[in-house]
Amino acid sequence: MADGYDPQAVEAKWQARWAEERTYEVDNDDPRPPFYVLSMYPYPSGPAHQGHVRNYTFGDLIVRHRTMQGHAVLSPMGFDSFGLPAENAAIKANIHPRPFTDARIGELKASMLRLGAMYDWRREIRSHDPGYIRWNQVIFNRFLAAGLAYRANAPVNWCPGCNTVLANEQVLADGTCERSGDVVSKRNLEQWFFAITKYADELLECLDGLDWPERVKTMQRNWIGRSEGAEFDLPVDGRPDVKVRVFTTRPDTSFGMTYAVLAPEHPMVDELTTDDQRTAVAEFRERVSKESDIERLSTEGPAEKRGVFTGSSVVNPFNAQPVPVYLADYVLMGYGTGAIMAVPAEDQRDWDFAKAYDLPIVRTVQPPEGWEGEAYAGDGPVINSEWLNGLTDVATAKAKAIDWLEDQRLGERKVNYRLRDWLVSRQRFWGCPIPIVYCAADGIVPVPDDQLPVVAPDDVQMLSTGESPLKAHEGFRKTTCPKCGGPAERETDTMDTFVDSSWYFLRFCDPWDGMDPVDKKAAERWMPVDQYIGGIEHAILHLMYARFYTKALADLGIAPAGLREPFKRLFTQGMIRMGGTKMSKSKGNLVAPAKYLDTVGADSLRLYHLFVGPPADDVDWTEQTDELIDGCNRFLKRVWRLALGDGPGPAADAETVDRAAHRLIAKVSGDYERWSYNTAVAALMEFTNLLYKEGATDFAVDTMLLLLAPMTPHVAAELWERRRDGLVHTEPWPVADQDLVRQESATLIVQVNGKVRDRIVVDPGIDAGTAESLALASERVQEHLGGRTPKKVISRPPRLVNVVV
RNA sequence: GCCCGAGUGGCGGAAUGGCAGACGCGGUGGCCUCAAAAGCCACUGCCCUCCGGGGCGUGUGGGUUCGAGUCCCACCUCGGGCACCA
């Protein structure tokens with residue numbers, strides 16, 4: 001009797017061995033074909049939770065599998081270590097966030113090691129390292145020089161809970177902060193922006209070529225929100241030199257314009273408001289400005305209160321008719337020109353407004369017969385539109401209307417985006433300082449590269465007011481102007497932490513480079529990431545910013561010029577839920593992995609995450625989960641005994657067993673390729689059951705260990721070493737012999753009227769005619785025919801024959 | 001409201017248009033044991049049965065097909081995303 005399976009002993013032994021062997025440290029001149037696997041680097045909040053375990057299990061499986069297939073696999077890891085939780089915890093404990101953060105990183109890294117996940121730790125990146133901060137700031141300077149970073153006064157989202165501004169992407173649809181849940185309000189502030197909208201078109205177009213989940217691509221397309229249309233001028237009635245510019249996606253419906261609308265914040269409101277309307281307009285604007293986004297976006301409330309007449313009219317250039325100009329809260333200053341032509345017949349919002357204010361409605365598209373709705377936005381023939389009449393579809397009418405506008409020099413074709421520039425300023429302490437100095441003489445001056453990094457000082461008092469201590473720190477704030485040497489003030493805002501994660505994957509290619517943020521030669525070799533793995537929650541924010549950064553860095557000559565996309569393939573794992581909600585620290589419903597590592601071990605926990613269901617699906621953590629994990633452990637114990645001769649004896653029919661082993665190789669290899677790990681595990685369990693029944697062969701057992709090596713690396717390595725005295729993870733991935741994969745016999749299903757009536761063992765190469773006569777000769781078939789003559793016989797050898805009567 | 005995704009045993013889940021429920025959990029019975037644990041073996045969708053077998057069954061209702069969990073149409077439920085973006 002060999003010793004029993006002791007996960008803790010086996011795992012400790014192999015984790016030490018792997019650290020010595022350095023199998024997963026790859027150099028940039030490694031001759032093997034490159035493959036870059038990356039799990040999203042985590043925010044260090046303490047020991048790994050189940051979501052991390054799931055993420056790193058998939059990542060590690062791919063790393064080990066690709067290595068066995070002969071690739072040089074780049075598998076780096078780091079920590080997204082700037083951020084609000086550390087800052088808040090530091091305030092609470094009245095300590096500096098750095099030691100706090102370093103301690104959390106230590107805990108997280110330790111649990112990654114205990115999981116047996118392999119990374120090239122030489123390449124580790126921490127966002128808060130001065131070395132990384134320096135490159136972040138160098139890139140900021142390049143962005144500034146190229147006009148990709150700029151400072152502007154704009155209405156921005158202010159979160160009172162986080163005491164900082166937020167990017168549009170960080171505000172949820174209901175107007176609350178995605179992090180704290182507080183209601184976000186608008187403030188006008190001078191802030192730094194990145195010009196992501198310059199890349200709007202490319203960000204949209206490149207999505208088509210990405211091997212990403214369709215869901216994520218759709219979410220990004222919606223977020224970019226491209227719409228094609230036209231912009232043109234509406235001259236004010238009686239003052240032809242004053243014009244209101246409007247954007248529309250439906251220039252074909254222009255003859256149906258019955259009024260025009262300005263956003264309440266539109267700069268021409270005062271000019272267009274007549275004296276008798278001035279009081280009403282002022283009251284309306286006052287009310288709208290006080291409303292939060294939630295109230296303003298709410299469709300609740302009486303429609304009559306949603307707008308006000310300015311007293312002026314503009315002339316519709318299509319038919320020279322004057323139409324009244326209103327203000328309405330449903331028109332936003334931030335999109336298009338902040339003014340619209342209103343066509344109630346083809347736009348439901350305009351329809352509702354027209355009904356409330358008793359404005360006329362003129363249909364310009366013939367709705368289909370039996371149309372009972374109100375506004376009709378669909379396709380149809382043009383009506384009531386003078387020279388557009390007779391056209392039978394919207395697309396042609398649109399094109400003709402735009403051509404006309406351009407011919408008349410009234411307007412032009414125009415594309416608009418929902419995407420806004422990225423607001424990167426944060427009034428926080430624990431982030432990458434924005435490397436800017438404000439000088440009375442020279443204005444905005446970037447800190448020169450050779451004076452970077454600008455790092456936050458250590459001697460700060462963490463303020464419970466929520467204000468960044470940088471503001472109060474005279475030593476930091478007061479500086480000299482790099483240009484004129486005169487007294488100047490530092491920028492005290494830091495960058496959004498999404499900046500850090502927007503290019504770390506490029507830095508991983510050569511984190512030792514002291515000359516440039518990205519080593520182009522190394523990036524050319526490794527990029528784009530072949531397989532990126534992370535949570536669906538990053539579908540828009542991180543993944544959009546990282547795509548923007550990659551394009552911008554390539555255009556600035558920092559990254560390889562041809563690199564247009566960072567992540568070739570993306571896999572988004574499902575989240576872990578408990579009691580209906582996401583398992584998370586903030587919800588307080590974590591089930592720590594440590595308890596499993598201390599009992600059944602890392603391999604059993606990994607196996608559970610692989611076996612529980614399709615990787616993309618959400619996982620429910622229930623009362624049953626511990627039993628499922630025990631089941632995985634039971635399987636590994638069976639494998640243990642099998643491999644060490646304490647299980648079944650040798651197979652009586654070795655050939656049959658070995659053929660099954662070849663089929664197993666084909667099955668598991670195929671499942672690995674299509675991310676179907678749950679069925680791969682099932683096949684391995686099934687095969688183990690077969691060996692317990694039929695007896696084992698050395699080939700069968702060794703094959704199992706090779707196939708298990710990426711999934712349950714410790715136990716596979718231990719058993720392989722005991723049997724073969726080598727390293728299972730440096731063995732080549734097994735290849736199935738196609739001749740042996742083929743089955744020796746097949747089961748022919750015989751149906752009568754689609755119901756199974758008999759099963760016959762046949763030769764897999766059987767032809768249709770033979771199969772048909774075998775089926776008809778079946779006693780059971782004859783019984784069910786009851787003397788009737790078959791109308792038709794479907795023969796699909798060697799699987800099935802269906803006799804129809 | 002719009003756009004995705006999903007509905008299969010007590011549970012997690014499996015099924016290139018061709019034996020529905022692989023594999024696992026749970027359950028039942030047996031072997032082993034003084035006993036328990038561990039382990040091994042068998043059974044385990046529902047209903048009927050003369051124990052040969054028969055009927056029903058993948059959210060609902062239709063359709064295509066020799067044959068539908070799978071394809072098409074309409075709907076229901078759940079989950080997610082978007083939602084005055086002109």
Distance, rounded to the nearest Å, where Arg757(A) contributes CZ and G18(B) contributes C1' | 16 Å

State plainly whether the residues Arg221(A) and Asp208(A) are in salt-bridge range, i.e. N to O under 4.0 Å.
-> yes

Does the pair Ile749(A) and Val801(A) meet the rule for a side chain to side chain contact (heavy atoms under 4.5 Å, CB included), with working shown?
-> CA-CA 6 Å; Ile749(A) 302 304; Val801(A) 172; over 6 Å; no

Using a 4.0 Å heavy-atom cut-off across all strands, classify Ser227(A) as base, sugar-phosphate, or nothing.
-> sugar-phosphate

Between C31(B) and G79(B) - P atom distance, rounded Å | 49 Å

Secondary-structure stems for RNA chain B, with pairs counted as Watson-Crick or G-U when both distances are under 3.5 Å and runs at least 3 long | B:1-7 with B:76-82, B:10-12 with B:23-25, B:26-31 with B:39-44, B:45-48 with B:53-56, B:59-63 with B:71-75

Using the six-membered ring wherever Trp is involved, compare the ring planes of Tyr608(A) and Trp621(A) and label them parallel, tilted or perpendicular (cut-offs 30° and 60°).
-> perpendicular

Are a donor atom and an acceptor atom from the side chains of Asp603(A) and Thr712(A) found within less than 3.5 Å of each other?
-> no

Do Thr57(A) side-chain atoms and Val53(A) backbone N/O form a donor-acceptor pair below 3.5 Å?
-> yes

With ring centroids as reference points, do Phe232(A) and Phe247(A) lie under 6.0 angstrom apart?
-> no

Under 3.5 Å donor-acceptor, Asp758(A) side chain and Arg780(A) backbone | no

Would you mind telling me which of C3(B), G39(B), A86(B) lies closest to the side-chain atoms of Val331(A)?
-> A86(B)

Using the C1' atoms only, state how far A37(B) lies from G17(B), rounded to an integer number of Å.
-> 49 Å

Check the angle between the aromatic planes of Tyr545(A) and Trp422(A) and answer parallel, tilted or perpendicular using the 30° and 60° thresholds.
-> parallel

Please determine, for the side chain of Arg780(A), which listed nucleotide (G12(B), A42(B), G54(B)) has the closest atom?
-> G54(B)

5'-most contact on RNA chain B (nearest-nucleotide basis), Thr249(A) vs Lys792(A), goes to Lys792(A)

Give me, pair by pair, the N or O atoms of the protein and of nucleotides 56-59 of chain B that are less than 3.5 Å apart, along with how far apart they are.
from   : atom 1 : to        : atom 2 : distance (Å)
C56(B) : OP2    : Lys755(A) : NZ     : 3.0

Do Asn222(A) and C82(B) have a side chain to base donor-acceptor pair shorter than 3.5 Å?
-> no

Separation of G12(B) P from Tyr677(A) OH (nearest whole Å) = 23 Å

From CG of Asp671(A) across to P of U16(B) the rounded distance in Å is 11 Å

Which value, in whole Å, describes the distance between the C1' atoms of nucleotides G53(B) and U60(B)?
-> 32 Å

Do the side-chain N and O atoms of Asn416(A) and Ser227(A) include a donor-acceptor pair separated by under 3.5 angstrom?
-> no

Nearest whole angstrom, please: distance from the P of G24(B) to the CG of Leu610(A).
-> 16 Å

Would you indicate what Asn416(A) reaches in the nucleic acid, counting non-hydrogen atoms under 4.0 angstrom: base, sugar-phosphate, or nothing?
-> nothing

Between Asp350(A) and Tyr330(A), do the side chains contain an N or O donor and an N or O acceptor separated by less than 3.5 Å?
-> yes

Looking across every strand, which nucleic acid part, if any, lies under 4.0 Å from Gly225(A) by heavy atom: base, sugar-phosphate, or nothing?
-> nothing

State, without any angle test, whether Glu346(A) and Thr364(A) hold a side-chain donor-acceptor pair at a distance under 3.5 Å.
-> yes

Looking at every strand, decide which applies to Arg221(A) at a 4.0 Å heavy-atom threshold: base, sugar-phosphate, or nothing.
-> nothing

Could you tell me whether the side chains of Arg418(A) and Asn222(A) share a donor-acceptor contact shorter than 3.5 Å?
-> no

Side-chain atoms of Arg634(A) come closest, of C25(B), A86(B), C41(B), to C25(B)

Provide the distance between the two P atoms, one in C82(B) and one in G10(B), to the nearest whole Å.
-> 37 Å

Looking for any heavy atom pair under 4.0 Å, which part of the strands does Gln624(A) touch: base, sugar-phosphate only, or nothing?
-> base

When Arg641(A) and Pro614(A) are each assigned the nearest nucleotide of RNA chain B, the 5'-most assignment goes to Pro614(A)

Determine the Euclidean distance between corresponding C1' atoms of G67(B) and C40(B); express it in Å to zero decimal places.
-> 42 Å

Are the side chain of Asp252(A) and the backbone of Ala397(A) linked by a donor-acceptor contact shorter than 3.5 Å?
-> no

Starting at CZ of Arg577(A) and ending at C1' of G12(B), how long is that distance when rounded to a whole Å?
-> 13 Å

Which nucleotide in the list C41(B), G54(B), A83(B) gets nearest to the side chain of Arg418(A)?
-> A83(B)

Check the distance between G1(B)'s C1' and Asp352(A)'s CG and give it to me in whole angstrom.
-> 12 Å

Indicate, with yes or no, if the rings of Tyr259(A) and Tyr357(A) have centres closer together than 6.0 Å.
-> no

Syn or anti conformation of G9(B), syn meaning chi within 90° of 0 = syn

Which nucleotide, G24(B), A86(B), G54(B), lies nearest any side-chain atom of Met685(A)?
-> G24(B)

Pull up the glycosidic torsion of G12(B) and say syn or anti, syn being anything within 90° of 0.
-> anti

Between Tyr677(A) and Phe58(A), what is the ring plane arrangement, given parallel below 30°, perpendicular above 60°, and tilted in between?
-> parallel

C19(B) and G69(B), which share atom name P, separated by this distance in whole Å = 10 Å

Within this structure, what is the OH-to-C1' distance between Tyr330(A) and A83(B), rounded to whole angstrom?
-> 16 Å

Counting side-chain heavy atoms from C-beta on, which of G54(B), C23(B), C82(B) comes nearest to Trp223(A)?
-> C82(B)

Between C66(B) and G30(B), how far is it from one C1' atom to the other, in whole Å?
-> 45 Å

Are there any protein N/O atoms within less than 3.5 Å of an N/O atom in nucleotides 19-22 of chain B, and if so, which ones and at what distance?
from   : atom 1 : to        : atom 2 : distance (Å)
C19(B) : O2     : Arg759(A) : NE     : 2.8
C19(B) : O2     : Arg759(A) : NH2    : 2.9
A22(B) : O2'    : Glu686(A) : OE1    : 3.4
A22(B) : O2'    : Glu686(A) : OE2    : 3.1

Could you give the distance separating G13(B) and C25(B) at their P atoms, to the nearest angstrom?
-> 16 Å

Whole-Å distance, Leu628(A) CG to C23(B) P, equals 16 Å

